[in-house]
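This chain uses plain numbering: 1 for the first residue, then up along the sequence. Note that the coordinates shown come from a computational prediction; the quantities given were computed from them, not determined experimentally.
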Amino acid sequence: MTDRPNGARNPRTKTRLSAAPMLKRALRDGAIFAAVVTVVGAVVGMLVAGLPGLWGGVLGGILSAVFLGITAVSILIGGRLAKGDLTSPVFFGTVIGTYFVKLVIFVVLTLLLRSQSWIDGRVYFVVVIIVVLGSLVLDLVAFARTRVPYASDVTLPGEEERGLDERDPEDRS
C-alpha cells in the first residue's frame, strides 16, 4: 500500500494536527483561569485604588487572555490552512505573522494605556503578570496530560495481512 520502508507514510501527506486536543484544552483552561483572575483582580483593584483599579483589573485580565488565546488559535488555524503539514510555509507564516501582529498591537496598547488616568497601571500590571504566569502553568499541565500519538500513521509489518478485525481491541479507534 505504501512505497516507504517499514510502512511509514510520507510525512508531507495530509494528517490531522495531533496537537489540537492539547491546544483546545489549554485554551479552555486558560480562559477559565483568566476569567477568575479578572473578577478577583477587579474586586481587589476596586478596594485598593477605586474605580481606576477596577478598570485596571478588568482590562488587564481581558487583554492578556485575548493575546494569550490568539497564539493557540493561530496554531490551530495554521494547521488547518496547511492541511496538517506542519512543515508547510503556510503554517509557519500564519503562526509567526499572527505572533508579530499580536506583539505590535500589545506594545501600542500598552503605550496608549500607560498615560491614561482612568486606569490604575499597578493593578493592570499585576493582573497581566498573574494571567500570563498562570496560563503558562496551565499550558504546561495541558501538554503533560494530553496523550499525543507520535506513531499513528505507521503501518506495522504484517498488519495489512491481518486486517482490521484481528487487531487488538485497544488499537481500534
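D139 contributes atom CG, which lies 7.5 Å from atom CG of L68 (distance to the nearest 0.5 angstrom). Atom OG1 of T38 sits about 10.0 Å away from atom CG of L59, to the nearest 0.5 Å. From I105, atom CD1 reaches atom CZ of F67 across 5.5 Å, with rounding to the nearest 0.5 Å. Distance check, rounded to the nearest 0.5 Å: CZ of R114 to CD1 of I119 gives 13.0 Å.
One hydrophobic cluster holds both I75 and L81 under the rule that ILVMFWY side chains link at heavy-atom gaps under 4.5 Å. Under the 4.5 Å side-chain contact rule for hydrophobic residues, V90 and L23 share a cluster. W55 and V48 fall into different hydrophobic clusters, where Ile, Leu, Val, Met, Phe, Trp and Tyr are joined by side-chain heavy atoms under 4.5 Å apart, directly or via other members. Put simply, I130 and V66 are part of the same group of oily side chains (I, L, V, M, F, W, Y) that touch within less than 4.5 Å, one to the next. Linking Ile, Leu, Val, Met, Phe, Trp and Tyr residues whenever their side-chain heavy atoms come within less than 4.5 Å places V128 and L136 in a single cluster.
Closest of all the heavy-atom pairs between S88 and A82 is CB-CB, 3.7 Å. The heavy-atom pair separating V127 from G60 by the smallest distance is CG1-C, 3.7 Å. Listed here is the closest heavy atom pair of V95 and S74: CG2-O, 3.8 Å.
By the neighbour-count criterion of 12 heavy atoms within 6.0 Å, atom CZ of R28 is densely surrounded, having more than that number from other residues, nucleotides or ligands. Enclosure of atom NZ in K24 is not indicated, since only 12 or fewer non-hydrogen atoms of other residues, nucleotides or ligands lie within 6.0 angstrom.
A donor-acceptor distance shorter than 3.5 angstrom exists from the side chain of S64 to the backbone of G61, with no hydrogens or angles considered.
Evaluated for a side-chain contact (heavy atoms from CB on, under 4.5 Å) with F106, the options T110, V104, L109 yield exactly one hit, T110.
Counting only heavy atoms from C-beta outward, the side chains of L63 and L113 approach each other to under 4.5 Å. The closest side-chain heavy-atom distance from R145 to M22 is not below 4.5 Å. Counting heavy atoms from C-beta on, the side chains of T71 and T98 never come closer than 4.5 Å.
Here V73 pairs with L27, I77 under the side chain to side chain contact (heavy atoms under 4.5 Å, CB included) rule; sequence neighbours left out.
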